[in-house]
Amino acid sequence: MELQLYTSAFCEPCMQTRGVLAEAGRLVPNARVTEFDVVRFEERARAAGIRTTPTVVVLDGDGEEVFRADGVPSLAQVLVAAAKAV
C-alpha cells in the first residue's frame, strides 16, 4: 500500500499533511509514504489529475486508487482509506 502526498513549496497545509501521513505510516504496517513536489514531478502530477496541494492519494497493493483527499485529511480518514487498501 502506498500513501502518496502531492505538495508544493511554502505550503502550510502540506506541512500539516506530512504529519498526518507520518503518523499513519507509523500505525499501518507495510504502508509506504511517498511525497511528490508538483513542480519537480509535474508530469506525474498532471497524469494523476492533481489540481491542488496538498493532495493525498492512497493506492492499494495493485496500484489502484482507493482514496483521494484535496487539502489536509484527518488521521481517521487516512486510516480508513488504508484499511480499504489492504
Review point. How far does CD of Gln4 sit from CG of Leu21, to the nearest 0.5 angstrom?
Key: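 Reported to 0.5 Å precision, the distance equals 10.5 Å.
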**Study point:** Residues which pass side-chain contact (heavy atoms from CB on, under 4.5 Å) with Arg40, listed by chain and number, not counting sequence neighbours
**Key:**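 side-chain contact (heavy atoms from CB on, under 4.5 Å) list for Arg40, sorted by chain: Asp37.
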Review point. Mind checking what makes side-chain contact (heavy atoms from CB on, under 4.5 Å) contact with Val86, not counting sequence neighbours?
Key: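 Val86 satisfies side-chain contact (heavy atoms from CB on, under 4.5 Å) with Met1 only.
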**Study point:** Selection residues 2-28 - residue pairs positive for salt bridge (charged side-chain N to carboxylate O under 4.0 Å, His left out), sequence neighbours left out
**Key:**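 Counting only pairs at least two positions apart or across chains, the salt bridge (charged side-chain N to carboxylate O under 4.0 Å, His left out) contacts touching residues 2-28 are Glu2-Arg32, Arg18-Glu35, Glu23-Arg26.
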Check your understanding: Under the salt bridge (charged side-chain N to carboxylate O under 4.0 Å, His left out) rule, what pairs show up with a residue in residues 68-86, not counting sequence neighbours?
Key ->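 Non-adjacent pairs meeting salt bridge (charged side-chain N to carboxylate O under 4.0 Å, His left out): Glu65-Arg68.
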Exercise for review: Could you name each residue pair satisfying ring-ring contact (aromatic ring centres under 6.0 Å, His included) that touches residues 6-26, not counting sequence neighbours?
Suggested key: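 Residue pairs with at least one partner in residues 6-26: Tyr6-Phe36.
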Check your understanding: Which pairs pass disulfide (SG to SG under 2.5 Å) with one or both residues in residues 57-86, sequence neighbours excluded?
Key ->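 Output for this query is empty, none listed.
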Residue pair [X] / [Y]: nearest heavy atoms and the distance that separates them:
X     : Y     : answer
Leu5  : Cys14 : CD2-O, 4.4 Å
Gly25 : Val33 : CA-CG2, 4.3 Å
Ala85 : Leu59 : CB-O, 3.9 Å
Gly71 : Pro73 : O-CD, 3.2 Å

Check your understanding: Under the criterion side-chain contact (heavy atoms from CB on, under 4.5 Å), which of Val20, Val58, Thr34 is the partner of Leu3?
Key ->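 So the option named by the test is Val58.
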Point to revise | side-chain contact (heavy atoms from CB on, under 4.5 Å) partner of Thr55, the single match among Thr7, Ile50, Thr17 | key: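 Among Thr7, Ile50, Thr17, the one meeting side-chain contact (heavy atoms from CB on, under 4.5 Å) with Thr55 is Ile50.
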Group every Ile, Leu, Val, Met, Phe, Trp and Tyr by side-chain heavy-atom contacts under 4.5 Å, then state whether [X] and [Y] land in the same group.
X     : Y     : result
Val56 : Val80 : no
Val66 : Leu27 : yes
Phe41 : Val57 : yes

Check your understanding: Ignoring hydrogens and geometry, is there a side-chain-to-backbone donor-acceptor pair from Ser74 to Gln77 under 3.5 Å?
Key ->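 At least one qualifying donor-acceptor pair exists.
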